[in-house]
Amino acid sequence: MDPSFWLRPRAERAEVFERLRALPGPEFVPPRLPWGPLASGYYALSKHADICEVSRRPQDFSSEGATAILPPEMDEFYGSMINMDNPEHSRLRRIVARSFGRGMAPKFDTMSRQVARRIVDELIERGPGDFIRPAAEMPIAVLSTMMAIPGEDYEFLFERTNTIMGGADPELGADPEKMAAAVLGALRDLGDYIGRLRDDRLARPGTDVITKLVQVQEDGEQLTNQELVSFFILLINAGMETTRNAIAQALVLLTDHSDQRQLLLSDFELHAKGAVEEILRVGTPINWMRRTATGDCEMNGHRFRKGDEIFLFYWSANHDEKVFADPYRFDITRDPNPHLSFGAVGPHFCLGAHLARIEIIAMLRELLASLPDIRVEGEPVRLASSFIAGFKELSCTF
């Protein structure tokens with residue numbers, strides 16, 4: 001859970017997780033922080049089978065606080081459905097699924113293609129250089145279009161998500177108290193922003209997602225103000241950060257593996273879906289989620305006691321040699337590819353998985369059609385974060 005661990009060379013991280021997967025059961029990690037789920041230590045789950053088993057048993061393993069290892073004063077902003085159990089979780093998921101479900105895929109595809117074309121045109125006009133912003137622009141623009149957020153607010157959203165997701169990086173702020181205050185300030189800014197959007201859509205309803213979420217549903221359900229704030233923060237941070245980092249990872253991987261780039265270029269539509277799944281597996285945009293044992297129970301031969309904290313390390317599961325042949329090989333034809341980058345099958349499988357896939361394919365299609373030789377220039381600078389597999393600096397040339 002130390003952010004500096006994720007800055008180590010890939011081979012070193014891989015070796016640590018290989019040792020963990022070789023153990024007969026989950027590794028207990030001693031306490032590290034004075035507050036939150038790490039105050040009494042936690043169990044690290046590194047095997048694909050164990051993470052799948054825990055994910056499909058919400059009655060035994062609670063998702064409350066799934067994404068949080070933060071001080072209590074930030075709890076109010078992380079009360080979204082990803083951090084909830086049933087019945088609250090199913091109620092919220094049912095409400096928002098109407099705006100983000102698979103039935104919206106054709107609309108998402110059209111929107112993503114249009115956004116990707118504009119971003120690549122602007123990249124060509126600007127010339128080689130920073131690739132972080134073009135990668136981030138894709139999910140920002142798509143989600144903002146869905147919510148009828150004006151283009152002039154994109155920078156506001158970009159800066160706030162950077163602050164929240166990069167809060168643990170020492171280069172972004174040396175003083176831990178100031179860093180925590182900056183993250184809290186960014187969360188409050190986003191909370192105030194969605195409050196203003198809510199008031200505007202109640203007064204002037206439209207056809208956008210925010211209007212749908214603030215209106216009373218057909219079955220009488222409605223999001224409360226707090227639920228809307230926490231869902232917006234989840235959507236902005238998870239929806240934007242995971243997709244932007246997957247797109248950035250795609251450029252790194254296609255630069256490092258020219259044979260796979262050529263294969264993808266040879267027939268994009270044939271190989272696009274497989275390429276995206278392999279990018280998600282190898283890149284693993286989200287490193288972990290948290291669960292808490294709701295009572296004494298057994299899981300794959302290991303006993304847990306009520307209150308035990310458990311972290312599901314998706315990066316390790318996505319490189320489990322018992323599931324993936326030659327797991328460190330990047331192969332866009334890998335099939336099957338049961339990666340856990342959107343979580344394992346269960347009530348908390350990512351609701352926006354299909355949207356993320358659509359966005360990544362749309363961006364790669366436009367990039368490779370217009371700039372088939374685009375590649376990373378120089379050494380990418382990774383973000384110091386245990387949670388997000390992201391980059392602070394990534395330059396491209398073409």
Side-chain angles (χ1 to χ4, degrees), residues 1-27 29 42-56 241-243 245-257 259-261 263 273-291 299-300 302 310-346 348-350 353 356-357 360 380 382-391:
M1 299 304 297
D2 188 332
S4 66
F5 170 81
W6 297 92
L7 296 180
R8 295 184 190 180
R10 179 182 176 85
E12 287 188 22
R13 289 180 281 135
E15 183 183 3
V16 170
F17 283 118
E18 285 172 8
R19 294 204 308 269
L20 288 178
R21 291 195 299 271
L23 296 173
E27 173 79 349
V29 181
Y42 64 92
Y43 286 95
L45 266 62
S46 53
K47 300 173 185 177
H48 191 281
D50 287 349
I51 292 175
C52 288
E53 182 67 13
V54 166
S55 299
R56 68 170 63 100
E241 284 293 322
T242 53
T243 304
N245 289 318
I247 291 170
Q249 291 276 10
L251 186 60
V252 173
L253 289 166
L254 293 174
T255 298
D256 293 342
H257 302 274
D259 60 326
Q260 298 300 294
R261 173 201 289 267
L263 183 59
K273 290 184 178 179
V276 168
E277 298 310 311
E278 186 70 341
I279 288 163
L280 288 166
R281 182 188 74 86
V282 175
T284 312
I286 300 294
N287 290 320
W288 55 261
M289 285 286 175
R290 170 189 160 206
R291 297 291 187 268
M299 186 281 299
N300 289 349
H302 183 80
I310 303 159
F311 281 79
L312 318 179
F313 285 98
Y314 296 129
W315 194 95
S316 178
N318 282 347
H319 295 82
D320 190 333
E321 52 283 325
K322 290 187 177 180
V323 178
F324 303 98
D326 197 0
Y328 303 109
R329 176 169 53 91
F330 178 63
D331 178 8
I332 67 171
T333 66
R334 187 183 294 275
D335 184 37
N337 192 346
H339 66 78
L340 304 184
S341 292
F342 292 120
V345 174
H348 282 276
F349 184 81
C350 179
R357 288 178 167 117
I360 298 166
R382 300 185 67 86
L383 179 71
S385 169
S386 72
F387 187 60
I388 291 284
F391 298 96

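Note that the numbering runs from 1 along the sequence shown for the chain. Keep in mind that what you see is a predicted model, and the values were worked out from it rather than measured.
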Do [X] and [Y] come close enough that some side-chain heavy atom pair is under 4.5 Å?
X: Ile388; Y: Trp6; result: no
X: Thr255; Y: Arg261; result: yes
X: Thr242; Y: Phe342; result: no
X: Pro285; Y: Leu280; result: yes
X: Asn245; Y: Leu383; result: no
X: Leu45; Y: Met299; result: yes
X: Arg10; Y: Val282; result: yes
X: Lys322; Y: His48; result: no

Quick check: closest heavy atoms across [X] and [Y], and the distance to 0.1 Å?
X: Ser46; Y: Phe17; answer: CB-CD2, 4.3 Å
X: Asn300; Y: Ala49; answer: ND2-O, 3.7 Å
X: Leu7; Y: Ala384; answer: CD1-CB, 3.7 Å
X: Pro3; Y: Ser385; answer: CB-N, 3.8 Å

Test side-chain contact (heavy atoms from CB on, under 4.5 Å) applied to Phe391 and Gln249, step by step: CA-CA 9 Å; Phe391 298 96; Gln249 291 276 10; 3.9 Å; yes
Between [X] and [Y] (side chain of the first, backbone of the second, donor and acceptor by atom type, cut-off under 3.5 Å), is there such a pair?
X: Gln260; Y: Ile332; value: yes
X: Lys273; Y: Arg357; value: no
X: Arg281; Y: Asn318; value: yes
X: Asn287; Y: Trp315; value: no
X: Arg291; Y: Ile51; value: no

side-chain contact (heavy atoms from CB on, under 4.5 Å) assessment of Arg56 paired with Val345: CA-CA 6 Å; Arg56 68 170 63 100; Val345 174; over 6 Å; no
Sequence-distant partners of Ser316, side chain to side chain donor-acceptor pair (under 3.5 Å), two or more places apart: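 Only Arg21 meet the side chain to side chain donor-acceptor pair (under 3.5 Å) criterion with Ser316.
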Contacts of type side chain to side chain donor-acceptor pair (under 3.5 Å), residue Asp331, not counting sequence neighbours: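 Expected list: Arg329, Thr333.
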Sole candidate of Tyr328, Tyr314, Phe330 that passes ring pair (Phe, Tyr, Trp, His ring centres under 6.0 Å) when paired with His319: Tyr328
Stacked cation flag Arg334 on Phe324, 6.0 angstrom / 45 deg: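 No, a cation-pi geometry is absent between Arg334 and Phe324.
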Name of the residue among Met289, Glu241, Met1 meeting side-chain contact (heavy atoms from CB on, under 4.5 Å) with Phe387: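 Going through Met289, Glu241, Met1 one by one, the side-chain contact (heavy atoms from CB on, under 4.5 Å) with Phe387 is satisfied by Met289 alone.
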Pair Leu251-Ile247, side-chain contact (heavy atoms from CB on, under 4.5 Å): steps then yes or no: CA-CA 7 Å; Leu251 186 60; Ile247 291 170; over 6 Å; no
Rounded distance [0.5 Å steps], CD in Glu53 versus CG in Leu312: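 Answer rounded to 0.5 Å: 12.0 Å.
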